[in-house]
Engineer: 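One structure, pasted below without further comment.
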Protein chains: 2
Amino acid sequence: MYAVKAMPRPRSLTPAQLASAALAVIDRDGLSALTMRAVAQELGTSPMALYRYVADRDELEALVVEEVLSTVDTAAPPDESWQDRVGVLVQRMRVAIGGHPAVVPLLPVHRHRSPTVLRWTETVLGVLAEAGFAGTRRVVALRALLAYAVGAIQLEHLGPLSGSGTDAMAGLSPAEFPHLSATAADARRVRPDAEFDGGLDLLLRGLAVSSD
Amino acid sequence: MYAVKAMPRPRSLTPAQLASAALAVIDRDGLSALTMRAVAQELGTSPMALYRYVADRDELEALVVEEVLSTVDTAAPPDESWQDRVGVLVQRMRVAIGGHPAVVPLLPVHRHRSPTVLRWTETVLGVLAEAGFAGTRRVVALRALLAYAVGAIQLEHLGPLSGSGTDAMAGLSPAEFPHLSATAADARRVRPDAEFDGGLDLLLRGLAVSSD
DNA sequence: ACCTGAACACCGTTCAAGT
DNA sequence: ACCTGAACACCGTTCAAGT
């Protein structure tokens, strides 16, 4: 028999546990409650134990982002038109994020590191390619879709919800802001889903026209 | 003569000085360097002196955001088509923010409290109204433009610049991500301005089609 | 090898005191 | 009235020590 190597003490946690504990903290107490100490407490260990699994707080945040995004189905949907297929892909992303609104501010920062985002982007590009988009036009189309998705999701979740937004809108003097105060009334009647769909539809129409 | 009231000690600072000192800190050392202590040092006072002018750090951030946005000309531009006029208004916003990329993460959070954003929105709505948009269609058009602007500006400034983004894209296996690796090469040749303009143009085309 | 506890260098903010 | 300095309750992270 060969000499038995010193048995490494088994890890007591997995990155997946880290991610879901951190997400639980955020969902329950908000993004500002996400601290190394809070996540450690959630897992019943000491704060420093986390550093066996992540290099720093930044990496913990990236883990949370991927935890949320990993639920997105990145397979190409079966719909007939390419507009519908792109629309479904964007909607899947929106729905996944909508379940955890408090993580929204983390998304722009950590989007790059997410394997799910890479696969999602690959699928979107495939649909666009089939639809005849190539070269610069495809780059512009992709970035426009991403920009709209990122922006619309943020507007939806860091928007009027924060409270002071709607208040400021409601207290506008119709004399100084005629269009704005008129639109504020209309805006209250538009459901977030319809707003998101409507904007996405505008962009998809623009893409369709540009491909003529 | 009446009894002379106790002369209030004159304030040594103005909110404008606070705002520009805070912006100077951010521009020089980045957003993470924005602390009450750093701004106080920039102004040559004690940290607690700032609390005479702002209630808390949040209000300081709002001041910085407005400092950046206040340079935006919110008057309706003279261009002929409504598409061009909306386009110019969005571009003005982008240019103002582009001068201070480090404040980008603050914008979604404090956008609501900015008087400049209110005036800008009023102007955009006016152009849309002239173009025949009303009711729900106008709400959707405005929110779509805002979403695109917010998202595209963030993608531009927290995008590949952060480093790890382009690295991740460059190291993709063409086998697993054929479209993505092909597009990554194309993407490097598209200038940020052209990308932003192109996406905005897609949205404006969509708006034009929807108004038929 | 993995985990812990104390400690360091920061934060924002409260409070009592100075002029 | 306005400003200051010390102090409090937090952070993320380093380090030396335990098992």
Engineer: Could you state the OH-C1' distance from B:Tyr51 to C:dG12, rounded to the nearest angstrom?
Structural biologist: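 Value for this atom pair: 5 Å.
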Engineer: Let me know, please, whether A:Ala38 or B:Gly44 comes out on the 5' side of the other along DNA chain D by nearest nucleotide.
Structural biologist: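 In this pair, the answer is B:Gly44.
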Engineer: Rounded to the nearest Å, what distance is computed from the OH atom of residue B:Tyr53 to the C1' atom of nucleotide D:dA1?
Structural biologist: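 My rounded result for the distance is 10 Å.
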Engineer: Quick one: does B:Leu50's side chain get under 4.5 Å of B:Leu43's, heavy atoms only?
Structural biologist: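 Yes, their side chains come closer than 4.5 Å.
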Engineer: Check whether NZ of the Lys or CZ of the Arg A:Arg94 lies under 6.0 Å from the centre of the six-membered ring of A:Phe196 and within 45 degrees of that ring's axis.
Structural biologist: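 Yes - A:Arg94 lies over the ring of A:Phe196, closer than 6.0 Å to its centre and within 45° of its axis.
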Engineer: Considering every strand shown, what is the Watson-Crick or G-U wobble mate of D:dA17 when both distances are under 3.5 Å?
Structural biologist: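 Its partner is none (no Watson-Crick or G-U wobble pair with both distances under 3.5 Å).
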Engineer: Need to verify one output field. Residue with the more 5' nearest nucleotide on DNA chain C, A:Pro47 or A:Arg37?
Structural biologist: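 Nearer the 5' end of the strand: A:Pro47.
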Engineer: Is D:dC11 paired to anything, Watson-Crick or G-U wobble with both distances less than 3.5 Å, and if yes, which nucleotide?
Structural biologist: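 Across all strands, not a single nucleotide pairs with D:dC11.
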Engineer: CZ of B:Arg11 versus C1' of D:dA1: gap in Å, rounded?
Structural biologist: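 The answer, rounded to whole Å, is 9 Å.
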Engineer: To the nearest Å, how far apart are B:Arg57 CZ and C:dT13 P?
Structural biologist: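 These atoms are roughly 8 Å apart.
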Engineer: So, A:Arg28 and A:Glu42, do they make that salt bridge, N to O below 4.0 Å?
Structural biologist: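 Answer for the salt bridge query: yes.
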Engineer: Measure the distance from CE on B:Met36 to P on C:dT14 and round it to the nearest whole Å.
Structural biologist: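 The answer, rounded to whole Å, is 10 Å.
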Engineer: Between B:Arg52 (CZ) and C:dT14 (P), how many Å, whole number?
Structural biologist: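 Taking atom P of C:dT14 as the reference, CZ of B:Arg52 is at 13 Å.
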Engineer: Whole Å only: how far is the CG atom of A:Leu43 from the P atom of C:dT4?
Structural biologist: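 Rounded to the whole Å, the gap is 11 Å.
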Engineer: Could you tell me whether B:Gln41 atom CD has more than 12 heavy atoms of other residues or ligands within 6.0 Å of it?
Structural biologist: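 12 or below, so no.
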Engineer: Looking at A:Thr35, I'd like to know whether one of its side-chain N or O atoms comes within less than 4.0 Å of OP1 or OP2 on D:dC10.
Structural biologist: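 Looking at the OP1 and OP2 atoms of D:dC10, neither is under 4.0 Å from any side-chain N or O of A:Thr35.
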Engineer: Considering only D:dC3, C:dT4, D:dG12, which nucleotide approaches the side chain of A:Ala49 most closely?
Structural biologist: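 The listed nucleotide nearest to A:Ala49's side chain is C:dT4.
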Engineer: Applying a 3.5 Å limit to both distances, which nucleotide forms a Watson-Crick or G-U wobble pair with C:dC3?
Structural biologist: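 Across any shown strand, C:dC3 pairs with none.
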Engineer: Can you confirm if the NZ or CZ of B:Arg119 lies within 45° of the ring axis of A:Phe177 and under 6.0 Å from the centre of its six-membered ring?
Structural biologist: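 No; the conditions do not both hold, so B:Arg119 does not lie above the ring face of A:Phe177.
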Engineer: How many Å lie between CE on B:Met48 and P on C:dA16, as a whole number?
Structural biologist: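 Answer to the nearest Å: 13 Å.
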